[in-house]
Structures are given as C-alpha cells and as structure tokens.
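In what follows, chains carry the letters A, B, and so on, assigned in the order in which the sequence lines appear, proteins first and then strands, with residues in each chain numbered from 1.
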2 protein chains.
Amino acid sequence: MVETLVRTVTASEPPAHDRVYRGLRQQVMHGELVPGQALTLRGIGKQYGVSMTPAREALRRLTAEGALTLSASGRVTTPELSNDRIEELAQIRALLEPELGSRALRRAHLALIDRMEVINEANARAIHLQDPVEYIRTNLEFHRTLYLRAQSPAMLGLLETVWLQLGPTMRALYTKLRRTTAPPHHRLILEALRAGDDAALRLALRTDVTQGLRHLQG
Amino acid sequence: MVETLVRTVTASEPPAHDRVYRGLRQQVMHGELVPGQALTLRGIGKQYGVSMTPAREALRRLTAEGALTLSASGRVTTPELSNDRIEELAQIRALLEPELGSRALRRAHLALIDRMEVINEANARAIHLQDPVEYIRTNLEFHRTLYLRAQSPAMLGLLETVWLQLGPTMRALYTKLRRTTAPPHHRLILEALRAGDDAALRLALRTDVTQGLRHLQG
DNA sequence: CGGGCGGGTTTGTGATCACATTTGGCATGG
DNA sequence: CCATGCCAAATGTGATCACAAACCCGCCCG
C-alpha cells in the first residue's frame, strides 16, 4: 500500500475526493445503483485507489445532497424511497421543470432544438435496447440541455439534487415495468419549443415528468 | 493537545462532525457571518475543540448545500452573491413558499396560527431592537412553522438550502438598510390563514418573499 | 426446530502527520 | 509611489492508525 507515494503530477489533476464524488454521483444519478445498496468507506476507497479520507468526503457530500442515505450508525446506502416521497419528488419536478423550460423558451434557438432531437433519438434507441442506464442518462440529458438555456443555475442545481435522489428508484422502476414503447411526451416538448408556445411547453414538461413516475405507485 | 483523550461518554453524544455542522449551519442561516468570511479547517477545529477531520466534514457538507463557497484552491468562505444570483434565489423562494403555504393551509389549525402570531411578535421586537440575527431567525421560524404543516419534507429541505445560501447576504442587506418599520406582510399571511383563503395566502407569501429581498438590488 | 447469545469481523470516527500549494506581506528596484 | 519578486507562515489534501460501535453468522439452549 505504498506504491503511489510519487504522484506524477502532469497538470494539477482535480483532487481525489472530487474524482470519487463525480464518479459516484454519476452512478447514482444514472441509476447504476439499486436502492438500498450499501457503500463503505474502505470499499469505495479501494475501488478508486484512494484512502478512506477522500472516500469519506465524497460520501459526505453526496449524502448532503440527498443522493445517499445515512443510517443512524453512520452506514451509507442509496435511498429506498417511500411512495409518498417519490410522489413528493415528482411534484417538485413538476413545479421546477416547467418553470425552467419556460425561462429557456425565450432563449431557445434552432440549434438547441436540433441537439435535443438528437438526444431524443439516442433515448429511443436506449428504450429499444432495454438499457435502463442509457435510457435514464439520455432522458436527463434531454431535459438538462433545455434547462441550461434558462440561465438559472441555482434552480437547475436544486433540480439536479432532486434527480439525484430519484436515481436509484428510477432504475428500479424502469426494470420493473420494462417499457418498450417510445418516449412519451418528448415530441410534444419539441413541438411546443418550435412553436414558441409557453403554455404548451409547460404542460408537456409537467405531464412528461408526472407520467414517467406515476407508473408505479402502489 | 492531548487533554481530551478521555471522552466521558455519558449517553452516546452525536458525532463531533455533526455538532460542528449544526453550529456552523445555524451561524450561516441566521446571518451571524458576513459574506466573504473565510473559514479554515484548523480555525473551525480549534473553535469547536476538535481536530481537522470533523471540521473538514462539516465544511464539505455545508459547501455541498450551497451554504459555503469553495474557491479554486480549496479555501472556504461564506458566499458573496451577485445581484443576479440574489434575484434568482428570491424567485425560487417565490416559487416554493406559496406552494408550501398552500399545502399547509388545509392542515393549519388555530394553535398553529397562534404560534405564528407569537413568533411574529418576537420578530417585531427584534426589528425594534435593531437585532439583525434575531430578526432573521424569527422571520425564518415564522415561515418554517407554517411550512412544517405542509408535510412535504423534501420541498422544505430544498427551501432551507435556499435560505442557507441567502443567510450571509440577508445579514448584509439588513445592516445596510436598517429598517425600523414593522414586518411587512406577515399580517396578511396570518389573515389569509385565518380566512382559509388559498389565493390570498399564496399572494401574501410571494410578496413577503420578493419584497424583503428586492430592497437592495443595486 | 426456533430464537437468543456470543465473538470475530467489518465499519465509521477522529486524531495526527507529511507534504505541496497558496497566501500575504515586506523588501527591493524602477 | 507603485510594481515585482521572494520567503515564511498558513492552509487544504490525503494517508495511516487506534478505537469503539455495529454487524453478521453460527452455536447452543429451550
């Protein structure tokens, strides 16, 4: 355990804890982890080739964002959300996403819509291939591409913490219902964007969000 | 530095990093810290009688919530918000708080309103005494008492991170304008609650939030 | 055959240390 | 008087260790 004493610094790499954080964050948000999955300091450390200290910081950061759950004894797991909690998080999405979409609408140009179109095709492919992680990833990227244009970094930041909390659950839901049909309301979103129709866009975003998550609830 | 080797454990105290976190969080949210205030690991550690490790975890957690800002070199300070950012955070409050109030309205009973009345009187006292920290504290407690009834823990959690981000700025604003007049719209909020008027409550909350922060913006 | 109890193992917590980078201020030179 | 370079102090980062609590699993007793 002494082989990495010399860190060949090429160009000031990002800190180790940040690398660990980003890796885990992506795993959580994209649904690569199942709800209830346990994460240990030494396990994460070994996985990323670092000691416990950076692993601890990464986990602390993620739990602070709600991406992970801290048990009373300090154990860290991916969250197992109650149906009430899922419902509430969906309502938060339904509150924030139309607002972000509406703000983005004024600034949306054609290149943006084209880019969303491309992402949406990748999303359809992921559905056809039954690839849950890729489905979640492209779906979030579709939405984020739009919301980035809203120029509201704080609101987008809040929304991303909501996505983080839903990550493992979305994965579980997806593998449970195994949909093979096309993505539901993305076409409506794109049409509203092209038409510059604010009300239609808000509605399409809201239904896309609530529809996607209300399929379980039982 | 070896005097605390024996930790007289009486009844399983909370972890040190949590104690540090709570202390700092309250300082930030209540505006006890000025924007741009620097916090060092060793300084925090000495202040709370712990080593760097718990201090680091507390700071990491707070920066993850947006309560503190991390410079490129890893230094931690309280945030100095741009006017745009203040405006955006106010808009988020204006989006979340009417929603939370509306949800609480159905479940609000007289005892709750009485309690808010008491808090509001303490708030008026703080204004009269020109006590910014106590003003901010009672003002937030007034709102939180209402929102707790909404039974929407995730949404309230998001809102609290917004409050956290605004904490130092609210302090700076308060000491800058030194208002001595009564709190603006709290009476309207209480009246709407008593009347069970959803629309009036939403409006009163929204204006209370935006009014309070739009006084600077320069 | 089921449930409580034990003990080895795993795990989080906090302290400490070495190290590289950054910072801040002061002297020097223009 | 201001800019610049330099050095000591301050600071964040990551590794390692000791320790107590929690956990897990199998054994034994009822």
Side-chain angles (χ1 to χ4, degrees), chain A residues 1-25 33 36-65 67-80, chain B residues 1-25 33 36-65 67-80:
Chain A
M1 200 61 72
V2 202
E3 66 276 10
T4 51
L5 275 184
V6 177
R7 297 262 310 275
T8 65
V9 176
T10 57
S12 78
E13 332 154 23
H17 65 84
D18 204 58
R19 206 165 44 84
V20 177
Y21 166 76
R22 269 198 282 270
L24 288 176
R25 177 190 154 98
L33 270 39
Q37 178 116 185
L39 302 178
T40 68
L41 293 179
R42 290 169 178 85
I44 298 296
K46 181 160 296 186
Q47 185 178 332
Y48 283 85
V50 298
S51 78
M52 286 167 48
T53 312
R56 213 194 309 197
E57 295 190 67
L59 291 187
R60 192 69 68 192
R61 199 170 157 191
L62 286 163
T63 58
E65 299 182 54
L68 298 173
T69 296
L70 197 63
S71 89
S73 67
R75 252 83 171 180
V76 171
T77 61
T78 52
E80 300 182 274
Chain B
M1 200 61 70
V2 203
E3 66 276 10
T4 50
L5 276 185
V6 177
R7 296 265 306 277
T8 64
V9 175
T10 57
S12 78
E13 333 155 22
H17 65 83
D18 204 57
R19 203 164 45 83
V20 177
Y21 166 77
R22 268 198 283 270
L24 288 176
R25 177 189 154 97
L33 271 39
Q37 179 115 184
L39 302 177
T40 68
L41 294 180
R42 291 168 178 84
I44 299 297
K46 182 160 295 187
Q47 184 178 334
Y48 283 85
V50 298
S51 79
M52 286 167 46
T53 312
R56 215 194 310 197
E57 295 191 66
L59 290 186
R60 193 70 67 190
R61 200 171 157 191
L62 286 163
T63 57
E65 299 181 53
L68 297 173
T69 296
L70 196 64
S71 87
S73 68
R75 253 80 172 183
V76 171
T77 61
T78 51
E80 300 183 275

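Applying the side-chain contact (heavy atoms from CB on, under 4.5 Å) test to A:Thr40 and every residue at least two apart in sequence or in another chain returns nothing. Looking at residues two or more places apart in sequence or on another chain, you find no salt bridge (charged side-chain N to carboxylate O under 4.0 Å, His left out) involving B:Arg19. Not counting sequence neighbours, the partners of B:Arg56 by the side-chain contact (heavy atoms from CB on, under 4.5 Å) test are A:Thr53, A:Glu57, B:Leu41. With sequence neighbours excluded, no residue satisfies side chain to side chain donor-acceptor pair (under 3.5 Å) with A:Arg75. Listed by chain and residue number, A:Leu33, A:Val34, A:Leu39, A:Thr78 satisfy the side-chain contact (heavy atoms from CB on, under 4.5 Å) test with A:Gln37 (two or more places apart in sequence, or in another chain). For B:Arg42, the side chain to side chain donor-acceptor pair (under 3.5 Å) test picks out no residue, with sequence neighbours left out.
Take the nearest nucleotide of DNA chain D for A:Val50 and for A:Ser71: the residue whose nucleotide is more 5' is A:Val50.
If you check D:dA15, C:dT16, C:dT22 against the side chain of A:Thr53, the one that comes closest is D:dA15. The side chain of A:Pro54 lies closest to D:dA15, out of D:dA15, C:dT13, D:dG12.
Axis angle between the ends of the helix from C:dC1-D:dG30 to C:dG30-D:dC1, five pairs each and rounded to 10 degrees, works out to 20°.
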Identify each atom pair where a protein N or O and an N or O of nucleotides 7-11 of chain D are less than 3.5 Å apart, giving names and distance.
unit_1	atom_1	unit_2	atom_2	d
D:dT11	O4'	B:Arg75	NH2	3.2

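Below the 3.5 angstrom threshold, one finds no donor paired with an acceptor across the side chain of B:Arg60 and the base of D:dG12. If you check distances only, the side chain of A:Arg56 never reaches the base of D:dG14 with a donor-acceptor pair under 3.5 Å.
Rounded to an integer number of Å, the gap from OH of B:Tyr48 to C1' of C:dG14 is 17 Å.
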